[in-house]
Structures are given as structure tokens and as C-alpha cells.
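Structure first, then comments.
Treat the numbers as computed from the prediction; the structure is a model and nothing was measured. Just so you know, ligand 1 is whichever comes first in the structure, and atom 1 is the first atom listed for that ligand.
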Amino acid sequence: MVYSDEFIAGVVELCEKRSLYLIMDDTYNRLVFDGRTPSNCYRFSKAVNLNSSKLVVINCVSKMYAMTGFRIGWTVAGKDVVRAMTNIQSQETSGPAAPSQWAAVGALNGVQSCIESLRLTLENNRNVMINRLEAFPGVKVMKPGGTFYCFPDFSAYERDSQKLSRLLLDKVRVVTVPGRDFGMEGHLRVSYCGTVKEITEGIERIKWALDPNAPNEMFLGDRKIVRDWQ
Ligand SMILES: Cc1ncc(COP(=O)(O)O)c(C=O)c1O
């Protein structure tokens with residue numbers, strides 16, 4: 001779910017009242033749907049300037065420029081916080097590789113329409129995924145307001161999300177992340193980052209694997225899969 005402005009304003013107010021640091025991970029803030037605009041926590045701050053603020057906003061090239069693996073991000077925060085972060089990072093990682101840094105500079109200074117085009121693709125993929133999941137008997141799913149994941153509840157079929165995830169990988173070659181890792185047994189995290197064809201194919205395979213009344217055989221490409229599980 002995407003946090004509302006009211007929610008973020010409330011968290012900022014609470015943190016500032018209690019003198020707590022607030023770290024806002026804005027990694028997906030440009031990939032939001034249904035006409036939403038990204039929220040900016042600094043709008044709600046009562047601090048006189050950035051250096052006296054305890055807000056720490058982080059972001060990266062990973063998602064909005066589809067540059068996962070480059071591992072380049074940035075922080076907007078007061079000088080003292082940034083200095084402390086720099087000290088720790090320079091000792092821990094010796095700094096990110098120069099080619100990754102230059103690639104990030106290229107992304108940030110390049111044509112920005114790629115972000116909107118990615119966002120539109122993901123919004124369409126989200127709609128395809130949600131339509132398919134809503135038509136999946138027994139599955140409950142909340143429509144995500146952004147990102148490229150959704151988190152359907154498969155507990156009507158199997159409560160043990162690790163077991164279910166393993167079954168889908170082994171039997172029908174669909175990768176999911178068990179909800180247990182997010183504190184939500186019975187759920188699976190599925191991504192709609194791929195093509196519409198991959199999304200529909202993935203859901204069809206899951207359906208076939210879980211439906212005891214489905215035909216006993218299915219073809220994955222030219223490989224025949226025979227059901228040998230309940
Ligand atoms: C919410 C969130 N923040 C930060 C990151 C970090 O991205 P990276 O390490 O690729 O820069 C990710 C990546 O999965 C993410 O999902």
C-alpha cells in the first residue's frame with residue numbers, strides 16, 4: 001500500500017515531537033499508480049532547515065531506472081547524519097564501483113521519460129495481475145498502489161508459504177517469495193515486473209498446480225508435467 005500524505009504527516013509530527021530520526025525509503029516513490037503523486041516528508045517538517053531536521057530520505061537508481069544490481073543510492077539528510085553515514089560506508093564497502101557511479105550519473109542526467117514509461121507499463125501489468133488473481137477462486141489480494149509486487153493470500157490452498165513457494169518452483173517453475181519472511185504466513189510475494197505474457201502464464205501455472213480438478217498433465221514449452229502431488 002502507498003502511505004497517504006496524512007499518514008506521513010502524522011509520522012513526521014510524532015518523530016519530531018519525540019526527537020526521533022525518521023528514515024523514509026522512497027525507492028518506489030516514482031512508481032505509484034491511479035493518479036497518485038509521490039509524498040515528500042519534508043513538506044510536513046517543522047524543522048527550520050535540513051541540518052536541524054531528523055528526517056533522512058533515501059532513494060536509489062535501482063527501481064525507477066530499472067538499474068537493480070548497480071547498487072547506487074543517495075540520501076537527503078542533515079550534514080551530521082550524512083557525515084556519519086559516509087564514515088561508516090567508506091569503512092564497510094570501500095565505496096561503490098566507478099562504472100556503477102557513472103551509470104547512475106548517466107541515468108540521473110539523461111532523458112527522464114523512461115521513468116514514466118516504466119510506470120505506465122507497471123500500472124498495466126499490475127492491472128493484468130490483479131484481474132487474474134481476483135478471478136482465482138479462494139485467493140484474496142489487495143490492489144497495490146505502486147511498486148511491482150503484490151501479495152496474494154493463498155491460505156485457502158496452503159498455509160505454509162515456504163512449502164507452497166517450493167512446490168510452485170519445483171513443479172511449475174514459478175518463482176515466488178514466501179510470505180513467512182514478511183511475517184505473513186499463507187501469502188506469497190509475486191512480481192509483475194515481466195511481460196504481460198509472462199504474468200498470465202505464471203498465474204495459469206499456479207492455477208494448474210493448485211487446482212485438484214485440473215487436467216492431470218500440462219506442457220511447459222515441450223516438457224510434459226504430470227501431477228504427482230495433491
Ligand atoms: C524498498 C527498497 N529499498 C531499497 C532497495 C535497495 O535497492 P538497491 O540495493 O538495489 O539499491 C530495494 C531493493 O530491493 C527496495 O525494495
Are any non-hydrogen side-chain atoms of F151 and F182 less than 4.5 angstrom apart?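 Yes, close enough: below the 4.5 Å cut-off.
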Would a 4.5 Å heavy-atom cut-off, applied to side chains only, mark R132 and V139 as touching?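 Of all side-chain heavy-atom pairs linking V139 with R132, none is under 4.5 Å.
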If you measure every N/O of T68 against every N/O of ligand 1, is any gap under 3.5 Å? no
Would you say Y149 and ligand 1 have an N/O pair spaced under 3.5 Å apart? no
Interfacing atoms of ligand 1 (cut-off 4.0 Å, heavy-atom, S62): 7 (O), 8 (P), 10 (O), 11 (O)
Can you sort out which atoms of ligand 1 are near D25, meaning under 4.0 Å from one of its heavy atoms?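 Atoms satisfying the 4.0 Å criterion: 1 (C), 2 (C), 3 (N), 4 (C).
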For [atom], closest protein heavy-atom neighbour:
{"atom": "atom 4 (C) of ligand 1", "answer": "T27 OG1, 3.4 Å"}
{"atom": "atom 9 (O) of ligand 1", "answer": "R71 NE, 2.8 Å"}
{"atom": "atom 6 (C) of ligand 1", "answer": "C60 SG, 4.3 Å"}
{"atom": "atom 14 (O) of ligand 1", "answer": "K63 NZ, 2.7 Å"}
{"atom": "atom 16 (O) of ligand 1", "answer": "Y28 OH, 2.9 Å"}

Check contact between M67 and ligand 1, using heavy atoms of the residue and a distance below 4.0 angstrom. no
Can you name the one residue among T147, T121, N131, D34 that meets side-chain hydrogen bond (donor to acceptor under 3.5 Å, both in side chains) with R126?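 It is D34; the other options fail the test.
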Could D181 and R189 be called an ion pair, given the rule that one side-chain N must be under 4.0 Å from one carboxylate O?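 Salt bridge absent between D181 and R189.
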Using a strict threshold of under 4.0 Å (side-chain N to carboxylate O), is an ion pair present between D170 and R166?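 Salt bridge between R166 and D170, a charged N being under 4.0 Å from a carboxylate O: yes.
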Which part of F70 is near ligand 1, with near meaning a heavy atom under 4.0 Å away: side chain, backbone, both or neither?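 Near ligand 1, F70 shows nothing, with every heavy atom at 4.0 Å or more.
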Inter-residue atom distance L168.CG - W208.CH2, 0.5 Å rounding: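 Atom-to-atom, L168:CG and W208:CH2 are 11.5 Å apart.
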Is the side chain of S53 donor-acceptor paired with the backbone N or O of L55 at a distance under 3.5 Å, no angle test? yes
Could you tell me whether a side-chain N or O of D153 sits under 3.5 Å from a main-chain N or O of K140, the two making a donor and an acceptor?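 Checking the backbone N and O of K140 against the side chain of D153, no donor-acceptor pair under 3.5 Å is found.
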